[in-house]
Amino acid sequence: MADQQLCNQERNSSLDQEDPEPPEIKEEQEELCTSREGEQLVLKLLSNNSHVAESPDLNRHHGNGKKYSCQTCGKTFRTHGELNNHIRIHTGEKPFTCNTCGKAFRQRTNVTVHMRTHTGEKPFTCEICGKAFTHLSTLTGHMRTHTGEKPFTCDICGKAFRIRASLTCHMRTHTGDKKFTCKTCGKSFTARRHLETHMSTHTGVKPFSCNTCGKDFRIRGNLTVHMRIHTGETPYSCKTCGKTFKQHCALEYHMRIHTGQKPYSCKTCGKKMRNSSNLIRHMRIHTGERQFSCKTCGKKFSKKQFRKESHISLWN
């Protein structure tokens, strides 16, 4: 439980500042995020260009075997069909529709993958833990949770990620781009999933329930972690001392004990901390904030432990 509280504190303290990989991304979102983000970046780059051409130049040949070229952005393709699929990025056309929910897609193959969300089909299975997925690329990203591989690295700060989509979202922390805005309170976020998580604070909706104890959660990933309380599963282990943990973020925090890493620094005095919650408590020394009050006399304190252990004893 202490591990879970620590991870929640670190996640909450950096929700609108950093873009850590989520506990669990909806499979369809993870599968399509990379292409969606890429398309959005292309459109952004083209925002200053002239009108999108309706008729691409099909006769421009290149020495690399890609003979079909997009007249709008210059990208080349090997087949006419690939070019047509690409052109829909510029036109916004989505001719393939799901017969169940009406969602539209640019490519027929995306409809096929999407239909698995309705049928529940998950043909790709992890040989290590048995977890199943609707798409091969999602399984590939999942396998890296076992291998520890993070092949996508930020050129600015060096932070590494398992999937390219997470890197794309992370880059906004450097650019300051927060394009997902809450219509209720106006707060902005770097990632759509952070906005969706935030929105539940307004609605109070907790759609994910534990079948064992009935506890409800706003995020599916939090339910997954919670279930380990009942199962006793601790899938993350320290390679140095062998200690195991329920959450990966708890393992990362633990590793700082071995490495001595203290990534959180006080901007006032420069003191460094291993986790954000310690930094928040430390900052009260400078701000003078006293958030803990005695229910008997109303006196306030900066530390909960001090109020309990020292002050209360005066009344006994």
Side-chain angles (χ1 to χ4, degrees), residues 1 4-30 32-34 36-37 39-41 43-44 47 92 101-103 117 154 156-157 159 161 163 165-210 214-226 247 249 253 263-268 273 275-284 286-293 300 302 304:
M1 183 62 70
Q4 185 172 349
Q5 290 175 344
L6 174 64
C7 291
N8 290 341
Q9 287 172 344
E10 295 225 343
R11 185 182 300 117
N12 292 337
S13 66
S14 60
L15 187 60
D16 59 348
Q17 298 175 2
E18 299 178 1
D19 194 27
E21 294 183 58
E24 181 172 328
I25 303 177
K26 291 181 181 178
E27 289 178 19
E28 183 184 356
Q29 179 182 346
E30 183 170 329
L32 302 180
C33 183
T34 301
R36 186 189 305 117
E37 293 287 352
E39 292 166 6
Q40 290 173 344
L41 290 175
L43 293 176
K44 187 174 182 179
S47 61
C101 68
K103 189 172 183 180
T117 63
C154 174
I156 298 175
C157 68
K159 189 173 184 180
F161 300 88
I163 58 175
S166 293
L167 172 60
T168 301
C169 294
H170 164 80
M171 289 304 296
R172 299 189 189 123
T173 64
H174 298 299
T175 63
D177 183 18
K178 295 184 178 181
K179 62 180 182 178
F180 302 100
T181 304
C182 174
K183 295 180 179 180
T184 303
C185 68
K187 191 172 184 180
S188 298
F189 301 88
T190 57
R192 185 188 302 277
R193 62 180 175 271
H194 288 172
L195 172 60
E196 291 174 349
T197 300
H198 165 80
M199 285 303 297
S200 61
T201 63
H202 297 302
T203 63
V205 175
K206 295 183 178 182
F208 306 103
S209 299
C210 174
K215 188 172 182 180
D216 298 324
F217 297 89
R218 291 186 292 121
I219 307 171
R220 187 189 299 275
N222 289 348
L223 172 59
T224 301
V225 172
H226 166 81
Q247 293 181 265
C249 57
Y253 169 68
Y264 301 94
S265 299
C266 173
K267 294 181 179 180
T268 304
M273 314 282 171
N275 62 67
S276 59
S277 57
N278 286 347
L279 176 59
I280 291 172
R281 284 194 295 268
H282 166 80
M283 287 303 296
R284 296 183 189 129
H286 303 298
T287 62
E289 179 189 1
R290 299 185 176 190
Q291 73 174 125
F292 302 105
S293 59
K300 293 185 176 182
S302 60
K304 187 176 182 179

Could you walk me through whether Thr175 and Asp177 pass the side chain to side chain donor-acceptor pair (under 3.5 Å) check? CA-CA 5 Å; Thr175 63; Asp177 183 18; 5.0 Å; no

Non-hydrogen atoms of Ser188 and Thr181 that approach each other most closely: OG-OG1, 3.0 Å

Between Pro263 and Met273, is any pair of side-chain heavy atoms under 4.5 Å apart? no

I'd like to know whether Cys169 forms a side chain to side chain contact (heavy atoms under 4.5 Å, CB included) with Arg192, so could you lay out the CA-CA distance, the side-chain angles of the two residues, the decisive distance to 0.1 Å, and finally the verdict. CA-CA 9 Å; Cys169 294; Arg192 185 188 302 277; over 6 Å; no

State whether the side chain of Thr224 and the backbone N or O of Arg220 hold a donor-acceptor pair below 3.5 Å, judged by distance alone. yes

Given His202 and Cys185, is the side chain to side chain contact (heavy atoms under 4.5 Å, CB included) satisfied, shown in steps? CA-CA 9 Å; His202 297 302; Cys185 68; 3.5 Å; yes

What do the steps show when you test Thr190 against Arg172 for side chain to side chain donor-acceptor pair (under 3.5 Å), and what is the final call? CA-CA 6 Å; Thr190 57; Arg172 299 189 189 123; 5.7 Å; no

Are any non-hydrogen side-chain atoms of Ile219 and Glu196 less than 4.5 angstrom apart? no

Is there a side-chain contact between Cys182 and Met199 (heavy atoms, below 4.5 Å)? yes

Between Phe180 and His194, does a ring pair (Phe, Tyr, Trp, His ring centres under 6.0 Å) hold up when you go through it step by step? CA-CA 9 Å; Phe180 302 100; His194 288 172; 9.5 Å; no

Which heavy atom of Leu223 sits nearest a heavy atom of Phe208, and at what distance? CD2-CB, 3.9 Å

Atom pair OH (Tyr264) and OG (Ser277), whose distance is rounded to the nearest 0.5 Å: 9.0 Å

Would you call the rings of Phe217 and His226 parallel, tilted or perpendicular if under 30° counts as parallel and over 60° as perpendicular? tilted

Taken to the nearest 0.5 Å, the spacing of Lys159 NZ from Met171 CE works out to 12.5 Å

To the nearest 0.5 Å, what is the distance between CG on Leu195 and NZ on Lys178? 12.5 Å

Run the side chain to side chain contact (heavy atoms under 4.5 Å, CB included) check on Arg218 and Val205 step by step: do they pass? CA-CA 7 Å; Arg218 291 186 292 121; Val205 175; over 6 Å; no

Can you measure from CG (Asn222) to SG (Cys210) and round to the nearest 0.5 angstrom? 12.5 Å

Atom pair OG1/CD1 of Thr168 and Ile163 - distance to nearest 0.5 Å: 9.0 Å

How far apart are the C-alpha atoms of Ser209 and Lys215, what are their side-chain angles, what is the distance that settles it, and do they pass the side chain to side chain contact (heavy atoms under 4.5 Å, CB included) test? CA-CA 6 Å; Ser209 299; Lys215 188 172 182 180; over 6 Å; no

